[in-house]
Amino acid sequence: MLEIKFIRENIELVKEGLEKRGYSTSILDSFQSKEEKRRKLIQEIDEARRERNKIQERINKGEMELIEKTKDLSEKIKYLEEIARDVEKEFDEILYSIPNIPHSSVPYGKTPEDNQEIKRWEKPKEFSFTPRPHWELGKNLGILDQERSVKLSSSRFSMFFGKGALLERALIFFMLDLHTKRHGYIEISPPFLVNSKTMTGTGQLPKFSDDLFKVDDSDLWLVPTAEVPLTNIHSDEILDGASLPILYTAYTPCFRKEAGSYGKETRGLIRQHQFDKVELVVITKQDDSYSYLETLTSNAEEVLKRLELPYRVVVLCTGDLGFSASKTYDIEVWMSGMGKYVEISSCSNFEDFQARRGNIKYRTKEGKTKYVHTLNGSGLAVGRTFAAILENYQTSDGKIIIPHALREYMEEEVIQ
RNA sequence: GGAGGGGUACCGAAGUGGUCAUAACGGGGCGGUCUCGAAAACCGUUUUGCCUUUUACGGCAACAUGGGUUCGAAUCCCAUCCCCUCCGCCA
């Protein structure tokens, strides 16, 4: 969330940010009226409490006749507090629904078509035959079963068999090893179910519950990304400034409802209710966060470079930017069979937006407390990487050559 | 799931209805004195949030969380969460 005082004092700037994203700005009107109401109430309550405290002091000194007077005052306070509770609740709902402001370097745009390509690595390989999509390859090789998984669960679930399951595991190991051994991230194995407070900290709640799976009869939700548990590790903490930056990586399955995507990308591994991902999270001081956005993105790119998968990097335009992010780079891998670039990683700087929600601070050398900046990026989405390997490493007879970087984890050079 | 104990600051811990609890006491951290330097000792300091347009040597709030009783709650009552011990169950 944004700082209340900041919104109040920079209402035009916030309005501009909302407009750039294509959001309605009417929320700011309710913000203003509710905020003023809230502030007046706080003042009124504080004043009444001050008065009561003074009288209480005199009662303590023996002026018992004042007891009657303070009764009324207490009733008044109780009444005001009740109103304040409601106002505060309504106000919070508004406050938590205002998105982050796009960074000044983010290009203006309305749709994903307006995202700007800033980098392209390696040319897509030329095939002497028509390359097939990964779902055909996987099915023919018997390593990917998307029919039985529907029987077990529902559509948008898949199952790997034999070498396919091994390839998936190899990818997870390869990515985690790269990030821990080469890039300096600390590996975490977090819970896959988290509570509402945690989901609110990173911005999934209250606005985006429709896309989350919730466990019945509990306050637990299935994580849609490891970003949620990792970023919230230090919620309600004041970190030592010397301990920053903190770099975490984790492998987790991710669960998403993908509501509103009926009929879209139903085949293959692109859009699933459950998929594996290795995530990168960075917690920094505010001055470092944008340079870490570059580092983080290059850490994710390194996975594709080592797997020798062609990709491009785009910077998301204001209209395509996620709710909590200030700036986002998407990495898109080339899918030979599908004949297009597909998002495989999203690397974002949230500045202090998540830190405010999750209450994550650090202490400076001078002893002051400040909000940290948080960043995260996929490093990478495992299912899509799996698909990219199948499509880019296929042979004319439908075999898959294993990329060199994975051979130590696979023990074989070809899946056939 | 059953029985019992507990949740107070960075940590340990006291306080069990009004001598103001930011909070005793002990430890730790930070600053200083002493020292060539260090240790020890001594002195000082050490929560967070909100409101007052900025600021204050200003005000308010917070003792797991949320309600309640009371003129007044860390303290009494109710609910919820979490931790510990024992029993049962179990990967």
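All chains are named by letter (A, B, ...) in the order of the sequence lines, taking the proteins before the strands, and each is independently numbered beginning at 1.
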Polar pairs (N or O, both sides) under 3.5 Å between protein and nucleotides 55-57 of chain B?
none

Could you verify whether a donor N or O on one side chain and an acceptor N or O on the other, from A/Thr364 and A/Lys370, lie under 3.5 Å apart? no
A/Glu351 and A/Tyr371 side chains, donor-acceptor separation under 3.5 Å: no
Proximity to RNA chain B (any heavy atom under 4.0 Å), residues of residues 29-51 of chain A only: A/Arg38, A/Arg39, A/Ile42, A/Gln43, A/Asp46, A/Arg49, A/Arg50
With rounding to the closest Å, how many angstrom separate the P atoms on B/G12 and B/G68? 32 Å
Separation of the C1' atoms in B/U52 and B/C57, to the nearest angstrom: 16 Å
Looking at A/Tyr23, I want to see if its OH is surrounded by more than 12 non-hydrogen atoms of other residues, nucleotides or ligands under 6.0 Å. yes
Do the side-chain N and O atoms of A/Glu279 and A/Thr252 include a donor-acceptor pair separated by under 3.5 angstrom? no
Which letters describe nucleotides 65-77 of chain B, given B = protein heavy atom under 4.0 Å from base, S = only from sugar-phosphate, - = neither? --S-S-BS-----
Can the ring centroids of A/Tyr292 and A/His373 be said to lie less than 6.0 angstrom from one another? no
I'd like to know whether CZ of A/Arg407 has more than 12 heavy-atom contacts from other residues, nucleotides or ligands below 6.0 angstrom. yes
Return the value, rounded to whole Å, for the distance between atom CG of A/Asp240 and atom P of B/C30. 11 Å
Return yes if a side-chain donor-acceptor contact under 3.5 Å exists between A/Asn359 and A/Asp236, otherwise no. yes
Judged by atom type as modelled, is there a donor-acceptor pair below 3.5 Å linking the side chain of A/Thr374 to the main-chain atoms of A/Ile283? no
What integer distance in Å separates A/Leu95:CG from B/C50:P? 12 Å
So that I can compare with my own list, what are the stems of RNA chain B, taken as at least three consecutive Watson-Crick or G-U pairs with distances under 3.5 Å? B:1-7 with B:81-87, B:10-12 with B:25-27, B:28-33 with B:41-46, B:47-51 with B:58-62, B:64-68 with B:76-80
Any pair with a residue in residues 48-102 of chain A that passes ring-ring contact (aromatic ring centres under 6.0 Å, His included), sequence neighbours left out, goes on the list, sorted by first then second residue, please. A/Phe31-A/Phe91
Rounded off to whole Å, could you give me the CG-to-C1' distance for the A/Leu80 and B/C51 pair? 15 Å
Only one of A/Thr295, A/Thr297, A/Asn299 passes side chain to side chain contact (heavy atoms under 4.5 Å, CB included) with A/Leu280; say which it is. A/Asn299
When the aromatic ring centroids of A/Phe213 and A/His273 are compared, is their separation below 6.0 Å? yes
note: A/Ile4, atom CD1; B/C51, atom P; distance rounded to Å ~ 6 Å
Name the residue from A/Asn100, A/Asp352, A/Leu321, A/Ile101 that meets the side chain to side chain contact (heavy atoms under 4.5 Å, CB included) definition with A/Ser326. A/Asn100
A/Phe353 ring center within less than 6.0 Å of A/Phe323 ring center: yes
Of A/Arg38, A/Lys34, A/Lys37, the residue whose pairing with A/Glu90 passes salt bridge (Lys or Arg N to Asp or Glu O under 4.0 Å): A/Lys34
When the P atoms of B/U75 and B/U69 are considered, how many whole Å apart are they? 14 Å
Which whole number of Å gives the distance between the C1' atom of B/U85 and that of B/C71? 42 Å
On a whole-Å scale, what distance lies between the C1' atoms belonging to B/G17 and B/G72? 8 Å
Figure out the CG/C1' separation between A/Asn53 and B/C60, and round it to whole Å. 8 Å
Assess, by modelled atom type and distance only, whether the side chains of A/Asp29 and A/Ser26 contain a donor and an acceptor separated by less than 3.5 Å. no
Summarise how protein sits on nucleotides 44-49 of chain B as a single string, 5' to 3': B when a protein heavy atom is under 4.0 Å from the base, S for sugar-phosphate-only contact, - for no contact. ----SS
Between B/A64 and B/G6, how far apart are the two C1' atoms, rounded to whole Å? 11 Å
Using the P atom on both, measure B/G59 against B/U22 and round to a whole Å. 12 Å
Look at the side chain of A/Arg363 and the backbone N and O of A/Asp240, then say whether any donor-acceptor pair between them is shorter than 3.5 Å. no
Taking the same atom, P, in B/A39 and in B/U47, what whole-Å distance lies between them? 24 Å
Quick one about A/Glu19 and A/Tyr108 (side-chain donor to acceptor, distance below 3.5 Å, no hydrogens or angles considered), yes or no? no
Nearest-angstrom distance from the residue atom CD of A/Glu237 to P of B/A9: 15 Å
